[in-house]
Amino acid sequence: MSEEKNTGCTRRDLFDTSLKVAAVGGLVGLTGRWAVMGGGSALALAPGAAAAAGNVEVAPGQLDEYYGFWSGGQSGEVRVLGLPSMRELMRIPVFNRDSATGWGSTNESLKILSEGLTPESKAFLKKQNRVTFDHGDTHHPRPSYTNGSYDGRYLFINDKSNTRIARIRLDVMKTDKILEIPNAHAIHGLRLQRYPKTGYVFCNSEMRIPMPNDGTILDDPKKYTCVFTAVDGDTMKVAWQVMVSGNLDNNDTDYAGKYVASTCYNSEEGTDTAAMTASPTDHAVFFDIKAIEEAVKGGKGQMIAGIPVVDGRKEAKSPFTRYIPVANSPHGCNASPDGKYLMLNGKLSPTVTVVEWAKLDDLFAGKITERECIVADPEVGLGPLHTTFDGRGNAYTSVFLDSQIVKWNIADAIKQFKGEKVNPIRQKLDVHYQVGHTNASQAESKDADGKWLVALCKFSKDRFLNVGPLKPENDQLIDISGDEMKLVHDGPAFAEPHDATIVHRSKIKPVDLWDRNDPYFADLRAQAKKDKVELATASTIIREGSKVRVYMYSAAPSFSMTEFKVKLGDEVTVIITNTDDVSDLTHGFTLVGHNVCMEIGPQASASITFRADRPGVHYYYCQWFCHALHMEMQGRMLVEV
Ligand code: K7E
Ligand code: CUA
């Protein structure tokens with residue numbers, strides 16, 4: 001690679017990282033790393049590598065081959081990217097509020113944001129003069145499955161900060177259900193049933209709390225419990241919960257619909273860092289779905305907050321769970337796409353523990369021990385967090401402290417575990433810096449195709465122009481189609497996309513226009529029927545005491561009502577139907593000075609309610625540039641005293 005092709009930046013980073021890692025490496029004997037990398041492979045960075053890899057650039061007008069569903073981390077949203085271009089295509093508001101679309105302000109979104117909350121949260125929020133939480137912390141976006149393949153129906157995601165999960169409809173790319181999980185505290189791990197379909201959404205409560213958490217038990221951590229939750233993804237109702245030992249971290253499911261597993265830290269059940277890491281081992285807990293379903297069906301669950309809960313804690317020695325010991329504080333939990341293995345990523349241990357799903361029948365039957373389910377334990381580097389796959393028998397583990405993606409061969413790791421002299425490590429590639437999740441194209445489904453891999457780095461440090469003390473993350477794109485991994489792109493991202501799922505575009509079929517009969521507008525249709533108005537043709541004001549419903553429609557470039565009059569103090573609901581049936585012709589409704597704004601997609605209806613507490617003339621306008629006369633798309637609300 002010529003000097004010109006390597007930018008100064010690339011070289012500088014490389015040497016920086018190498019020196020740091022070399023210093024640590026001396027302590028822990030990372031000789032394998034140097035043996036594998038040799039002198040040259042780590043230099044295979046962009047842009048030279050990009051040319052070698054080919055097909056990275058998606059020219060203007062061309063479409064990407066993959067959808068990437070990105071968690072928006074602390075922003076509480078989901079982002080849709082195209083791969084390999086890494087262009088951001090859409091942001092889907094979920095747990096956050098959104099100024100562009102009015103998510104969190106429209107009646108439709110407020111219903112979704114509030115109806116699934118627990119009675120305790122509703123009461124709490126009422127005291128705060130709120131109807132919902134304004135903020136979320138998303139980690140794990142997962143598209144729904146049928147028979148182990150993505151089916152394009154839904155995407156589910158967790159909110160750690162307010163113990164919720166959400167469902168996004170992939171036909172319209174909008175959130176349609178949000179559910180708070182009772183008896184839990186901070187939903188972190190989230191994965192979906194793969195077979196026969198989704199099915200269950202499995203949710204990990206990360207923190208241990210008293211059950212019920214009503215103040216009767218306080219500083220008595222021995223009486224705290226963690227629960228593992230199965231939600232029915234179709235009805236978005238909790239199906240059952242299992243009490244477990246330790247703090248649940250990440251989870252994943254098999255490809256047979258029989259088992260689901262979760263990594264746990266803090267088997268010590270302490271409440272501070274020292275106590276949480278005192279023991280050299282923690283565990284992964286494995287759940288027998290059938291056994292739990294049968295117990296719940298047979299009425300053996302204890303009803304807590306209206307949910308059947310079974311006891312799967314270690315000391316209960318129940319038929320529901322088994323605890324496989326792993327090194328202290330494991331993190332990622334990743335099922336291989338061949339349906340055979342589950343990778344438990346060591347985090348504090350430099351290893352990945354491999355469990356074979358097929359052994360679990362015998363484990364639950366008491367025929368073998370927990371340790372006999374482990375078939376490999378390769379040493380990959382310092383701080384293994386998550387593992388992904390290429391569908392060709394290789395695993396790729398993100399290694400946080402070493403800032404590397406480590407490619408290793410699963411079959412060789414199993415041979416090595418049996419005592420054969422083989423090195424499963426294929427390559428170690430430097431990433432920038434401190435990588436968290438990694439995920440490869442289609443790798444969370446049985447259709448893993450081994451083309452692209454993203455390394456979602458927590459730190460970007462000097463990779464981009466400085467934007468102040470808060471730096472973007474760095475989502476790196478790596479070509480894994482050949483024998484060697486090649487870094488081809490740096491992508492800055494805001495507010496921590498912990499995880500992303502990469503889905504082939506053939507699996508997702510979004511629509512261009514809304515269907516007028518969509519369930520999204522069911523409430524509006526019902527209200528319009530009561531008011532005897534036709535949503536798509538109405539220009540009417542319905543008054544019921546001090547409640548006023550203003551029905552209008554929009555057709556570029558005008559609203560069907562260019563003025564309406566209300567009385568000071570009225571509760572006003574504006575209901576607008578966008579009658580344009582042209583792709584991409586979105587209108588908006590923004591009312592100046594009233595905190596009122598909403599998106600109205602083509603053929604959609606949307607509504608927003610506010611109090612007319614300001615006398616005078618207030619203009620409303622369309623905030624989506626829809627037409628040459630878009631600026632003129634406006635009207636006046638007259639508020640009489
Ligand atoms: Cu590793 Cu929340 Cu999936 Cu972040 S978790 S990295
Ligand atoms: Cu309608 Cu701008």
Side-chain angles (χ1 to χ4, degrees), residues 69-74 100 136-142 157-161 165 186-191 202-207 247-252 262-263 265 329-334 343-348 383-388 397-401 403 405 431 433-439 444 454-459 473-475 493 495-501 552-560 562 576-580 582 584-590 597-602 604 606 619-635:
F69 294 100
W70 252 244
S71 133
Q74 312 88 315
D137 179 11
T138 60
H139 290 230
H140 302 114
R142 283 295 175 277
I157 193 155
N158 70 303
D159 164 26
K160 180 168 166 177
S161 67
I165 64 164
I187 296 298
H188 182 232
L190 177 144
R191 287 293 189 281
F202 296 110
C203 316
N204 283 357
S205 172
E206 187 175 334
M207 318 301 188
N247 290 43
L248 293 165
D249 193 356
N250 277 289
N251 61 32
D252 209 353
S262 174
T263 49
Y265 66 93
S329 291
H331 184 61
C333 188
N334 304 96
M343 314 305 179
L344 307 167
N345 298 262
K347 193 171 78 180
L348 298 191
L385 288 189
H386 297 278
T387 296
T388 189
T397 301
S398 57
V399 182
F400 181 78
L401 295 174
S403 286
I405 298 294
V431 290
Y433 304 88
Q434 265 73 41
V435 58
H437 271 274
T438 182
N439 224 324
E444 298 274 329
V454 288
L456 305 182
C457 299
K458 302 294 185 189
F459 294 78
E473 321 291 307
N474 186 9
D475 298 345
E496 210 162 345
H498 283 260
D499 193 8
T501 308
M552 64 175 97
Y553 63 91
S554 65
S558 34
F559 295 111
S560 66
T562 51
I576 301 182
T577 297
N578 178 351
T579 59
D580 284 306
V582 178
D584 204 5
L585 218 167
T586 295
H587 293 295
F589 177 86
T590 296
C597 153
M598 64 180 174
E599 164 214 354
I600 314 129
Y619 280 85
Y620 49 89
Y621 66 92
C622 168
Q623 85 273 23
W624 236 283
F625 208 112
C626 53
H627 191 276
L629 291 170
H630 152 81
M631 299 304 293
E632 289 80 353
M633 188 167 174
Q634 53 175 258

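What's counted below: heavy atoms across the whole structure, side chains too, no hydrogens, waters or symmetry copies. Model, not experiment: these values are computed from the prediction. Order of listing sets the numbers, starting from 1, for every ligand and every atom in it.
In this structure a side-chain-to-backbone donor-acceptor pair under 3.5 Å is missing from S398 to H437.
For a distance bound of 2.8 Å, the N, O or S atoms of C626 include one lying that close to atom 2 (Cu) of ligand 2. For H139, every N, O or S atom stays at 2.8 Å or more from atom 1 (Cu) of ligand 1. Inclusion of H630 in the first shell of atom 2 (Cu) of ligand 2 is supported: an N, O or S atom falls under 2.8 Å.
Side-chain contact between N250 and H139 is absent, with no heavy-atom pair separated by less than 4.5 Å. Contact check for E632 versus P557: no side-chain heavy atoms found under the 4.5 Å cut-off. A 4.5 Å side-chain heavy-atom check between M633 and H627 finds every atom pair outside the cut-off.
Side-chain N/O atoms of N158 and H188 include no donor and acceptor closer than 3.5 Å. For S71 and D499, the side-chain atoms include no donor-acceptor pair closer than 3.5 Å.
The option with the heavy atom closest to atom 2 (Cu) of ligand 1, from among K347, H188, H498, K160, is H188. Across the listed options E206, Q434, H331, H331 owns the non-hydrogen atom lying nearest to atom 5 (S) of ligand 1.
If you look at N250 next to ligand 1, the close heavy atoms, those under 4.0 Å, all belong to the side chain.
A 6.0 Å sphere centred on OH of Y620 holds more than 12 heavy atoms belonging to other residues, nucleotides or ligands. Heavy-atom contacts from other residues, nucleotides or ligands closer than 6.0 Å to CZ of F625 number more than 12.
Those atoms of ligand 1 with a heavy atom of H386 less than 4.0 angstrom away are 1 (Cu), 3 (Cu), 5 (S), 6 (S). The contact set between ligand 1 and H140, taken as ligand atoms under 4.0 Å from a residue heavy atom, comprises 2 (Cu), 3 (Cu), 5 (S).
Atoms SG of C622 and O of W624, as seen from atom 2 (Cu) of ligand 2, are separated by an angle of 90°, to the nearest 10°.
In this structure, L385 has no heavy atom closer than 4.0 Å to ligand 1. Judged by the shortest distance from any of its heavy atoms, K458 lies inside the 4.0 Å radius around the atoms of ligand 1.
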